*Asks:* 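The structure's right below; bear with me while I get my questions together.
Quick note: numbers below take in every heavy atom, side chains included, and nothing from hydrogens, waters or symmetry partners. Keep in mind that this is a model prediction, so the values were computed, not measured.
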Amino acid sequence: MNALITDNPTKKPSRLIGNILSPAIELWLRSQVQQVSNLKVQIEGKSRQILTGNIPGVSIVASDAVYQGLHVTEIQLYATGILINLGQVIKGQPLKLLEKVPVTGKLQLQQADINASLRSPLLSNALTELLLKLAPQAADKQVQWDKIIVNDGQIRLCATMGDRQQIILQAGLKLSTNQELEISQPTIEIPGVSLTNLDSFNVDLGAEVELEELTLHQGKIICRGKINVLP
């Protein structure tokens, strides 16, 4: 990890902050993910301000991160107004957030990473809930998600239901509002059954999320917006 503290251009940042705060932030970040590569952190603010535990801004750039089984190809994040327990950190205790932190950023997910994320209960359970909303008759079947194909503005999901029954779910995916995704014109293909003309519907992302962009290109997804990280 590379860590940098920016201060008044004519002054060097406090060695205390550089020697204690940067490793503490690195340890905290790594504790939040299962894996991360090329992690770069830049801490912004004056040393005097940071010594009170108030960090005006932190920018984070990373690649090949895994969070709760979700694989992310590239991450660019910027957090502001961060309050931490600096007094305890100086004494060697773990870093903790004292208030929620607004984080803006951009994520890029390649199709290979999205498919690797299918092993995550977080994603597989969400996809199964989506399937059951569209096809309630699958409620008593075990579903295993096999593949996701990302096309322009659309996703195609392939799964095995029961022992060998193959199903394909296809739908458009876009932002309806800053806090809602629209699943548009969904279709489901099950051997012997074709569910078409299903109603489009929205998925609520929650009060702590505010997305500005969700773009599906051939083989990748780009997401940009804000999320509040809770203590």
Side-chain angles (χ1 to χ4, degrees), residues 1-109 113 117 120-123 126 178-179 204-214 221-231:
M1 168 184 167
N2 296 319
L4 177 68
I5 297 178
T6 61
D7 206 331
N8 188 308
T10 62
K11 297 181 180 179
K12 293 183 178 180
S14 164
R15 288 185 178 274
L16 176 65
I17 300 300
N19 292 338
I20 295 178
L21 185 56
S22 295
I25 290 179
E26 175 186 359
L27 183 62
W28 183 82
L29 287 170
R30 291 188 180 279
S31 73
Q32 304 301 303
V33 297
Q34 297 163 259
Q35 172 188 312
V36 65
S37 300
N38 302 319
L39 179 62
K40 297 180 181 179
V41 175
Q42 180 172 312
I43 303 170
E44 299 178 357
K46 297 181 181 297
S47 297
R48 183 183 303 176
Q49 188 176 20
I50 294 173
L51 281 168
T52 66
N54 183 357
I55 305 174
V58 172
S59 62
I60 301 166
V61 178
S63 60
D64 302 324
V66 181
Y67 173 73
Q68 294 187 16
L70 301 176
H71 293 241
V72 181
T73 310
E74 295 180 11
I75 307 171
Q76 299 175 24
L77 302 176
Y78 184 71
T80 58
I82 306 167
L83 296 178
I84 64 169
N85 59 330
L86 184 60
Q88 294 176 325
V89 170
I90 292 174
K91 296 177 182 178
Q93 297 184 34
L95 182 146
K96 293 181 181 179
L97 300 177
L98 301 181
E99 294 184 4
K100 72 178 180 180
V101 178
V103 178
T104 58
K106 179 180 177 181
L107 306 180
Q108 180 170 304
L109 301 91
D113 287 326
S117 300
S120 163
L122 197 63
L123 179 58
N178 294 122
Q179 296 178 319
D204 189 353
L205 299 174
E208 305 299 335
V209 176
E210 186 176 334
L211 295 186
E212 297 177 12
E213 177 189 359
L214 179 68
I221 296 176
I222 296 173
C223 182
R224 183 170 56 88
K226 183 178 78 172
I227 185 170
N228 291 321
V229 177
L230 303 178

*Asks:* Hey, does the side chain of Thr52 reach the backbone of Arg48 with a donor-acceptor pair shorter than 3.5 angstrom?
*Replies:*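 Not at all, since once roles are kept as given, no pair shorter than 3.5 Å links the two residues.
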
*Asks:* Quick one: side-chain contact (heavy atoms from CB on, under 4.5 Å) partners of Ile227, sequence neighbours excluded?
*Replies:*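 Here the qualifying residues are Val103, Val209.
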
*Asks:* Indicate every side-chain donor-acceptor pair of residues 53-72 with a distance under 3.5 Å to a residue at least two apart or in another chain.
*Replies:*
unit_1 : atom_1 : unit_2 : atom_2 : d
Ser63  : OG     : Ser37  : O      : 3.4
Ser63  : OG     : Asn38  : ND2    : 3.0

*Asks:* If you look only at distance, which donor and acceptor atoms sit under 3.5 Å apart when one is on a side chain in residues 76-86 and the other is two or more places apart or in another chain?
*Replies:*
unit_1 : atom_1 : unit_2 : atom_2 : d
Tyr78  : OH     : Glu44  : OE1    : 2.8
Asn85  : OD1    : Lys96  : N      : 2.7
Asn85  : ND2    : Gln88  : OE1    : 2.7
Asn85  : ND2    : Pro94  : O      : 3.1

*Asks:* Which pair of non-hydrogen atoms, one from Gly45 and one from Ile50, has the smallest distance, and what is that distance?
*Replies:*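 So the minimum-distance heavy-atom pair works out to O-CD1, 3.8 Å.
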
*Asks:* Listed by chain and number, what are the side-chain contact (heavy atoms from CB on, under 4.5 Å) partners of Glu74, not counting sequence neighbours?
*Replies:*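 Scan of Glu74 (side-chain contact (heavy atoms from CB on, under 4.5 Å), adjacent residues dropped) gives Gln108.
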
*Asks:* Where do Leu97 and Trp28 come nearest, in terms of heavy atoms and distance?
*Replies:*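 It is CD1-CZ2, 3.9 Å.
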
*Asks:* Taking only residues two or more places apart in sequence or in another chain, which ones pass side-chain contact (heavy atoms from CB on, under 4.5 Å) with Asn178?
*Replies:*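 Counting only residues at least two positions away or on another chain, Asn178 forms a side-chain contact (heavy atoms from CB on, under 4.5 Å) with Glu210.
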
*Asks:* According to side chain to side chain donor-acceptor pair (under 3.5 Å), who are the partners of Asn228, at least two apart in sequence or on a separate chain?
*Replies:*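 Counting only residues at least two positions away or on another chain, Asn228 forms a side chain to side chain donor-acceptor pair (under 3.5 Å) with Glu208.
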
*Asks:* Return the set of residues passing salt bridge (Lys or Arg N to Asp or Glu O under 4.0 Å) with Lys106 (not counting sequence neighbours), or none when no residue passes.
*Replies:*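 If we apply the salt bridge (Lys or Arg N to Asp or Glu O under 4.0 Å) test to Lys106, skipping adjacent residues, there are no hits.
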
*Asks:* Determine whether Ile25 and Leu29 satisfy the following criterion, side chain to side chain contact (heavy atoms under 4.5 Å, CB included), listing intermediate values before the conclusion.
*Replies:* CA-CA 6 Å; Ile25 290 179; Leu29 287 170; 3.8 Å; yes

*Asks:* According to side-chain contact (heavy atoms from CB on, under 4.5 Å), who are the partners of Glu212, at least two apart in sequence or on a separate chain?
*Replies:*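 Result, side-chain contact (heavy atoms from CB on, under 4.5 Å) vs Glu212: Arg224.
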
